[in-house]
Amino acid sequence: MAQQKISAPKGVSEYAPPRSSAFEFVRDSLIAPASRAGYQLIELPVFEDTELFKRGVGESTDVVSKEMYTFEDRGGRSITLRPEGTAGVMRAVIEHGLDRGQLPVKVWYSGQFFRAERPQAGRYRQFYQVGIEAIGLDDPAIDAEVIAIADAGFKALGLKKYRLEITSLGDLQSRAAHRVDLLKFISTLELDEATAARAAINPLRLFDDKRDEMKKAMQNAPLLIDYLTDESREHFNRVIKYLDALGISYVLNPRMVRGLDYYTGTTFEFVHELLGAQSGIGGGGRYDGLMEQLGGQSLSGIGFGLGVDRALLAAEAEGVIGSDAFVSDLFIIPLGDEAKLQALTVASALRAQGKTVEIAFGDRALKGAMKGADKSGATYVIVLGESEISTGTVELKEMKSGVSTSVKIDSLLEALEK
RNA sequence: GUGGACGUAGCUCAGCUGGUAGAGCACCCGGUUGUGGUCCGGGAUGUCGCGGGUUCGAGCCCCGUCGUUCACCCCA
């Protein structure tokens, strides 16, 4: 009796072969530059105390107020599936006293995150991000380095059609001054109910409105960048100077808005041109008050998160995804029971030496097995039957040329390495 | 969360004004006994997303539901 099929929960992204190898390539390419810059892996739980995100990310944010997967565990604790990476990293850094050692603390992470949004292409309820955090250094040079690492990841992937947008959100003083004038400006606007509600929660949000009439209305709104304190301005100017020196191109976007409360100072976003509405492939910035907010010492920090799913979509859209499909070195076709045993032995020995070896089990006809070998893209094929076993010699066939040479089974390794 | 589009074999899709489903690709087998890619021949496959309704009769019409997708929103 056929049972009813069970399908994946709504809106999750998952990757099966052969696309999974593209996913793997994207994920690894994006994060590789981090370890080359001395960042070390930090592996964290996917669920945390709900309070961590409320306090870290901010209760007024959409992410926390309406997009979290929160539930009570069996001990009555409120648990939340992590919607982003930074808060968890800060929690762990404080908990393990990493900030008591040499600064900055430099870590990278990779994994899945969860947000209960309405799904569409590039926006999933479970999605993948890689990211880094550099904690405990105010130097604008680290800002530039962090941005350069993200940019290097996208470049390593082969992406071209994206841009880096950058601005500074300034410090508390800068934002307070700006907020007063911005609210004054907004009060002169006629807003519909939903928009007014958004403005009440975070007036900066109005800069993000996609509607033309709103864009026009906000044309003359006071910009935060014009309210930076001398210190914030100087910091930002130096970041820009370093980026120029690094040859990293960027667009200044003083209207950029970020959805997480902890951002301060340098803030940036990578936007891809071919992705439609979900075009942000990465973003990050400083979060100078976060650690203290979470009960740690008062250290600054900066980091980014890159969307692996979206970067994959972008790579596919640009047609730059490398065709590094799985290919084995040797494909063994055993004929008969005795040969299977022999094939297993030979394969184990070669695999122990680092060779990728596949065996055609299942007693397929030789023709079918050869077809399988061909499809697998294997470099070499051997047929293992009675005569081969008794003579200890096989015909090593190179699939591409069709040429085969006699090789002793014992010297297969050397033959493969030629 | 709001509004719109779509949902037919593993994949891409066709199916005229309602009459109980097809193509290409992929897959499997064979073309004389142990060597692939081309070619030729043959073959399997669908509760037409799901549930109701209208009708003598629905893949085609109506309602609901689930999923995907586009925009808003949000952001990776």
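Just so it is clear: chains get the letters A, B, ... in the order the sequence lines come, proteins before strands, and each one is counted from 1.
The side chain of A:Phe127 lies closest to B:A76, out of B:A76, B:C73, B:G34.
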Set out, in order, the CA-CA distance, both residues' side-chain angles and the distance that settles side chain to side chain contact (heavy atoms under 4.5 Å, CB included) for A:Leu169 and A:Thr264, then state yes or no. CA-CA 5 Å; A:Leu169 264 31; A:Thr264 60; 5.6 Å; no
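Using N1 to N3 plus N6-O4 or O6-N4 for Watson-Crick, or N1-O2 and O6-N3 for G-U wobble, each under 3.5 Å, B:A14 pairs with nothing. Of the nucleotides present, none pairs with B:U55 by Watson-Crick or G-U wobble criteria with both distances under 3.5 Å. B:U35 is unpaired under the criterion used here, namely a Watson-Crick or G-U wobble arrangement in which both key atom distances are under 3.5 Å. Nucleotide B:C72 has B:G1 as its partner under the Watson-Crick or G-U criteria, with both atom distances under 3.5 Å. In this entry B:G30 has B:C40 as its Watson-Crick or G-U wobble partner, both defining distances falling under 3.5 Å. The partner of B:U65, taking Watson-Crick or G-U wobble pairs whose two distances both stay under 3.5 Å, is B:G49.
The aromatic rings of A:His272 and A:Tyr162 sit parallel, their planes meeting at an angle under 30°, below the 60° perpendicular limit. A parallel orientation is assigned to the rings of A:His178 and A:Phe207, their planes being inclined by less than 30° (bins at 30° and 60°).
One finds a salt bridge joining A:Arg286 and A:Asp288 here, because a Lys/Arg side-chain nitrogen approaches an Asp/Glu carboxylate oxygen to under 4.0 Å. Between A:Arg91 and A:Asp49, no side-chain nitrogen of the basic residue sits less than 4.0 Å from a carboxylate oxygen of the acidic one, so the salt-bridge criterion is not met.
Taking only distance into account, the side chain of A:Gln278 never meets the base of B:A71 through a donor-acceptor pair shorter than 3.5 Å. Side chain A:Arg310 to base B:C75: a donor-acceptor pair is found below 3.5 Å.
Between the P atoms of B:A44 and B:G53, the separation comes to 35 Å (whole Å). The P atoms of B:C40 and B:A21 are separated by 29 Å, rounded to the nearest whole Å. Rounded to whole Å, the C1' atom of B:C48 lies 4 Å from the corresponding atom of B:U8. Rounded to the nearest Å, the gap between the C1' atom of B:C56 and that of B:U20 is 13 Å. Atom name P, nucleotides B:U45 and B:G10: the rounded distance is 12 Å, in whole Å. Annotation: B:C61 and B:G24 have their P atoms spaced 27 Å apart (nearest Å). Look at the C1' atom in both B:A9 and B:G52: the space between them is 26 Å, to the nearest Å. Between B:G46 and B:G37, the distance separating the two P atoms is 29 Å to the nearest Å.
Within the 4.0 Å cut-off from OP1 or OP2 of B:C74, at least one side-chain nitrogen or oxygen of A:Arg198 is found. Dashed line: the shortest gap from a side-chain N or O of A:Arg205 to OP1 or OP2 of B:C74 is under 4.0 Å.
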Show each protein N/O and nucleotides 2-9 of chain B N/O combination with a separation under 3.5 Å, one pair to a line.
from, atom 1, to, atom 2, distance (Å)
B:U2, O4, A:Arg118, NE, 3.3
B:U2, O4, A:Arg118, NH1, 2.9
B:G3, O6, A:Arg118, NH2, 3.0

Just the atom pairs and distances: protein N or O near nucleotides 35-38 of chain B's N or O, under 3.5 Å.
from, atom 1, to, atom 2, distance (Å)
B:U35, O2', A:Lys397, NZ, 2.9
B:G36, O2', A:Asp374, OD2, 3.4
B:G36, N7, A:Lys397, NZ, 3.0
B:G36, O6, A:Met399, O, 3.3
B:G36, N1, A:Met399, O, 2.4
B:G36, N2, A:Asp374, OD1, 2.7
B:G36, N2, A:Met399, O, 3.2
B:G36, N3, A:Asp374, OD1, 3.3
B:G37, O4', A:Asp374, OD2, 3.2

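Looking at heavy-atom distances under 4.0 Å, A:Ala373 makes no contact with the nucleic acid at all. Across all strands shown, A:Phe113 has no heavy atoms under 4.0 Å from either base or sugar-phosphate atoms. Here A:Ser387 lies in heavy-atom contact (under 4.0 Å) with a base. Among the atoms of the strands shown, base atoms are found under 4.0 Å from some heavy atom of A:Gln120.
In this structure, CE of A:Met256 is placed 15 Å from P of B:C74, rounded to the nearest angstrom. One atom, CG of A:Asp309, and another, P of B:A76, lie 13 Å apart when rounded to the nearest Å. The interatomic distance linking A:Tyr263 (OH) with B:C75 (P) rounds to 10 Å, in whole Å. For A:Glu14 and B:U68, the CD to P distance is 11 Å, given to the nearest whole Å. A:Phe270 places its CZ atom 15 Å from the C1' atom of B:C75, with the value rounded to the nearest Å. When rounded to the nearest whole Å, the span between NZ of A:Lys215 and C1' of B:C72 equals 13 Å. Whole-Å rounding puts the A:Glu117 CD to B:U69 P distance at 13 Å. One atom, CE of A:Met214, and another, C1' of B:C72, lie 13 Å apart when rounded to the nearest Å.
Under the 6.0 Å cut-off for aromatic ring centres, A:Tyr128 and A:Phe23 qualify, their centroids lying closer than that.
Between A:Glu386 and A:Gly283, the residue anchored nearer the 5' end of RNA chain B, judged by the nucleotide with its closest heavy atom, is A:Glu386. Nearest-nucleotide positions on RNA chain B place A:Ala365 closer to the 5' end than the other of A:Pro119 and A:Ala365.
In this structure, A:Glu95 places its CD atom where more than 12 heavy-atom neighbours from other residues, nucleotides or ligands lie under 6.0 Å away. The neighbour count for A:Glu386 CD, taken as heavy atoms of other residues, nucleotides or ligands under 6.0 Å away, does not exceed 12.
Contact between A:Glu59 and A:Val64 at its shortest, heavy atoms only, is CA-CG1, 3.9 Å.
Considering CD of A:Glu133 and CE of A:Met291, their distance stands at 10.5 Å, rounded to 0.5 Å. To the nearest 0.5 angstrom, A:Tyr287 atom OH is 13.0 Å from A:Arg258 atom CZ. Note that CG of A:Leu206 is 6.0 Å distant from CG of A:Leu191, once rounded to the nearest 0.5 Å.
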